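Each chain gets a letter, A, B and so on, in the order the sequences are listed, and its residues count up from 1. The basis for the numbers below is simple: all heavy atoms, side chains too, and nothing from hydrogens, waters or symmetry mates. All values derive from a computational prediction rather than experimental measurement.
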Protein chains: 2
Amino acid sequence: MADHKAGSKRSYDRFCPLSLALDQVGERWTLHVVLALMSGPKRYSQLKRHLSGAGANILSDRLRGLAANHLVGRSTADSPGSEVTYHLTERGRALAPVVGSLSVWGLSLLIPAPGDDDTHTVFDQTWTPPAAAGRTGETYRWTIDDVEFELTARNGELIRTRGRATRPAVIFQTTGSTLGDIVCGQITVTDAVKQGDASLKGSKPAVRRMFATIGFPLARIDS
Amino acid sequence: MADHKAGSKRSYDRFCPLSLALDQVGERWTLHVVLALMSGPKRYSQLKRHLSGAGANILSDRLRGLAANHLVGRSTADSPGSEVTYHLTERGRALAPVVGSLSVWGLSLLIPAPGDDDTHTVFDQTWTPPAAAGRTGETYRWTIDDVEFELTARNGELIRTRGRATRPAVIFQTTGSTLGDIVCGQITVTDAVKQGDASLKGSKPAVRRMFATIGFPLARIDS
DNA sequence: CAGAATCCGAACCGATACTG
DNA sequence: CAGTATCGGTTCGGATTCTG
């Protein structure tokens, strides 16, 4: 048992708002937990699935720390089964601009700006998606601000390559600005499609697989 | 020499804007460097002074990493002396909303909201200020949104306590919203005073000592 | 199975000492 | 002044185990 008294933990120990903030949410995976909870209360196992790569002990640590700082709360339902869920408090929800602005900024690393010569954007890049999804070898065609590229899910890897995918399972098209709103949770994918800000072609299961593979929470898709 | 090839470094390795962003600015002290450079180019020694607690080693690492990701650039002036300065690139300046929203959020840890019963805001708290300033034992009276508290700099410590400081060297009064604008760099202290959004009483050297003690960069004060 | 504790190698952090 | 080299302590993250 780590002594949770101050002083043991690594702290910036500075009278500075940024330091104070990062003392509470600057550790690894902390903001990921916050983002995952932005779309509603979740259970430990749901979080663990969504935060693939985190490790059980880290998730425990982060949830404990966030609870100690009153950014998340544990709700133990009165129903019999072990129904502990974690949810953001108001202070936790107040982090929406933080995860939002970070996500919007990070978006430019996923999708290069139209006029940008992608000298400093490695394009043939691979990630390991959350679930070992995409062992089938599906490809998706994305067009963001008239920049076209393809995503391929195969062998538990997600590969982004330049160019136009042939026979993609899904065709997704939108603007960077709209995609920013989506990752910030200000709009869902289906609503963006309805408003004409995005276009999505492909079978419903394929769409679902695609967003699962790239790690979009379901709450960003619809409802 | 660390091999800068991918794989050696700890990465989130997820196709997710937040992960991509934190891969570049999620390490300790990185956003502090970015914030420090928001107010204009700086030299290594200036950064080191401003990021008290960081250590030469880490500052080097962070600057190297930020430069590798093209968030900062090194400018070596043509003048003879070693005049290397670091400045934010456009991609680096695009982080303004990130450090801004984090600072605004962290502000509530410094100053409790008016209606907030500060049950989860430890108040008798101490920090070690950047410079070993305040060995004289000065106190400052702050009033933020009608919440009054006092800051005492003594023995190389900065102590925040509830209540009204007696015979303070500086009296500072403003709103949380204005203070947020100040820490985000959207307005300087003197401009806020001019506009009537803040009030500052005390001798100029004392004011300067106060802001130095709490770690405000000079660029946030005037000009 | 959900949730959490323990162990351990590897990566990271931070202080000091050192170099040009 | 502007960094690099080194080294002990801390944190991370995977695997395993434990408890209901």
Send over the distance from [X] [atom1] to [N] [atom2], rounded to a whole Å.
X: Leu59(A); N: dG3(C); atom1: CG; atom2: P; value: 10 Å
X: His50(A); N: dA2(C); atom1: NE2; atom2: P; value: 17 Å
X: Leu47(A); N: dA4(C); atom1: CG; atom2: P; value: 11 Å
X: Leu22(B); N: dC12(D); atom1: CG; atom2: C1'; value: 15 Å
X: Trp29(A); N: dC12(D); atom1: CH2; atom2: P; value: 12 Å
X: Tyr12(B); N: dA11(C); atom1: OH; atom2: C1'; value: 14 Å
X: Leu51(A); N: dG14(D); atom1: CG; atom2: P; value: 12 Å
X: Arg49(B); N: dC1(D); atom1: CZ; atom2: C1'; value: 11 Å

Parallel, tilted or perpendicular: ring planes of Tyr44(B) versus Tyr86(B), cut at 30 and 60 degrees: tilted
Aromatic ring pairing Trp142(B)/Phe149(B), orientation class (parallel under 30°, perpendicular over 60°, tilted between): tilted
Touch class at under 4.0 angstrom, heavy-atom based, for Asp61(B) against every strand present: nothing
Sugar-phosphate only, base, or nothing, as touched by Ser60(B) at under 4.0 Å among non-hydrogen atoms: base
Base of dT6(D) paired with side chain of Asn57(B) (donor-acceptor, under 3.5 Å): yes
5′-ward residue of the pair Glu27(B)/Ala56(A) relative to DNA chain C: Ala56(A)
5' priority, DNA chain C, between Arg74(A) and Ile58(B) [closest heavy atom]: Arg74(A)
Presence of salt bridge, Arg160(A) and Glu150(A), under 4.0 angstrom: no
Polar contact flag, side-chain donor to acceptor under 3.5 angstrom, His87(B)-Ser75(B): yes
Among dG3(D), dC12(D), dA4(C), the one nearest Tyr86(B) by side-chain distance: dG3(D)
Distance below 4.0 Å between [X] side-chain N/O and [N] OP1 or OP2:
X: Arg64(A); N: dA5(C); answer: yes
X: Arg62(A); N: dC12(D); answer: yes
X: Arg43(B); N: dA2(D); answer: yes
X: Arg10(B); N: dT11(D); answer: no

Ring-face cation of Arg28(B) near Tyr12(A) (centre distance under 6.0 Å, axis angle within 45°): yes
